[in-house]
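On a predicted model such as this, the values are computed, not experimentally measured, just so you know. Order of the sequence lines fixes the chain letters, A, B, ..., with proteins taken first and strands second; residue numbering starts at 1 for each chain.
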Number of protein chains: 2
Amino acid sequence: MDSITVNKGQILQRKGDLNTKVYLVESGLLRSYTIDEKGREHIFMFAPKGWIVADNLSADEPADLFIDVLEEAVLVVKEKQIESEPHLQKMVNRLGVLQKRVIMLMSASAIERYEHFVNTYPDIVQRVPQRMIASYLGITPEALSKVKSEWLANR
Amino acid sequence: MDSITVNKGQILQRKGDLNTKVYLVESGLLRSYTIDEKGREHIFMFAPKGWIVADNLSADEPADLFIDVLEEAVLVVKEKQIESEPHLQKMVNRLGVLQKRVIMLMSASAIERYEHFVNTYPDIVQRVPQRMIASYLGITPEALSKVKSEWLANR
DNA sequence: GTGGTGCATTAATCTAGATTAAGAAATGCG
DNA sequence: CGCATTTCTTAATCTAGATTAATGCACCAC
């Protein structure tokens, strides 16, 4: 198992990168984060010794996250493989969904979260009461009702 | 593979339950959610056909989530097993961490999130600038500084 | 039909946290 | 060392979304 040493400040992965790797931290400290459209940084995860850092996305999607080095670190680098085992593939999928959800909760406004939800799960929107969608988005039903009507007014 | 049919409104799992199962949705619609200390409901996930619902925690921990039935559903029920394969175990772990993170972001105030972070990752707190912790918590450095000093004042 | 229960909407008010700005403290670097 | 950069704090103001409350609807059960 070959490992590499990386220096503080080094950037291991950028948003949009393809062929991203999986990093197992043997020592030191990494972090993964996004930068949103307004230029704000949102840390997704700190990775001390023993943690794994990677985009929780399948190997063929471009990265959502930046990964950089907070403290000089020793890493084991692994290739991502397209997951063949269906059970494992489902787990990778779930991780991806949750990663997107966390980023959404940290960086998007109520209306942006709503639009994203409608685009991602158009069928669910039809099937559950609006208050449940609000609950999923982390806002109150009143707030959802309000932002939706404001959104309609501005167009 | 034996499957069961469950009715709308039926509760399959409650917060605190042990020996929870994994549900694969063949048809219908489930949801998983928490209820926080203030009695507010936060939906963690909707599960339509093809999705898996379960607490993303290892088999021996009590459940964080309620699971109930939104539309009459047909389910395949599986026992959770204590994951022997270390790679898989890590993935289950990551799912658990992200689940907790999502719930935290949806239901806790800035100071509560900070306290939880300090308790969960005491070493990280020492090693990174406060503005990065703020970024991880989804708040601004100014807000973190403020709530910390308010918290200190009230004791 | 009537009454009840849950859901959506609107409006008024409130508040946690964002934004902006400035200064002080800490850290790093030539 | 001394200068520059980053970090932290405080304070004033602003705003997205929470809270509270009232109204109208739809859907059921009886």
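Relative to the side chain of A:V147, the nucleotides D:dT19, D:dG17, C:dG17 differ in distance, and D:dG17 lies closest.
With hydrogens and angles ignored, the 3.5 Å screen pairs no side-chain donor or acceptor of B:N7 with any backbone N or O of B:Q10. One N or O on the side chain of B:D55 and one on the backbone of B:L65 form a donor-acceptor pair closer than 3.5 Å. In this structure, A:K78 contributes its side chain and A:Y23 its backbone to no donor-acceptor pair below 3.5 Å. Using a distance-only test at 3.5 Å, with no hydrogens or angles considered, a donor-acceptor pair links the side chain of B:N119 to the main chain of B:E115.
Within the cation-pi definition used here (under 6.0 Å to the ring centroid, within 45° of the axis), A:R131 does not qualify as a partner of A:Y136.
Of the residues in residues 109-118 of chain B, those placing a heavy atom less than 4.0 Å from an atom of DNA chain C are B:S109, B:A110, in numerical order.
With salt bridges taken as basic N to acidic carboxylate O contacts below 4.0 Å, none links B:K8 and B:E71. Salt bridge status for A:K38 with A:E112: present, with a side-chain N to carboxylate O gap under 4.0 Å. Using a cutoff of 4.0 Å between basic side-chain nitrogens and carboxylate oxygens, A:D68 and A:R31 are scored as salt-bridged.
At whole-Å resolution of the value, CD in A:E72 and P in C:dG28 are 15 Å apart. The NZ-C1' distance, from A:K38 to D:dT15, rounds to 14 Å in whole Å.
Comparing B:I139 and A:K8 along DNA chain C, the residue whose closest nucleotide (by nearest heavy atom) sits nearer the 5' end is B:I139.
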Every protein N/O lying under 3.5 Å from an N/O of nucleotides 3-13 of chain D:
from	atom 1	to	atom 2	distance (Å)
D:dT7	OP1	B:R131	NE	3.1
D:dT7	OP1	B:R131	NH2	3.0
D:dT7	OP2	B:R131	NE	2.8
D:dC8	OP1	B:Q130	N	2.7
D:dC8	OP2	B:Q130	N	3.2
D:dC8	OP2	B:R131	N	3.0
D:dT9	OP2	B:Q130	NE2	2.9
D:dT9	OP2	B:S145	OG	3.1
D:dT9	O5'	B:S145	OG	3.2

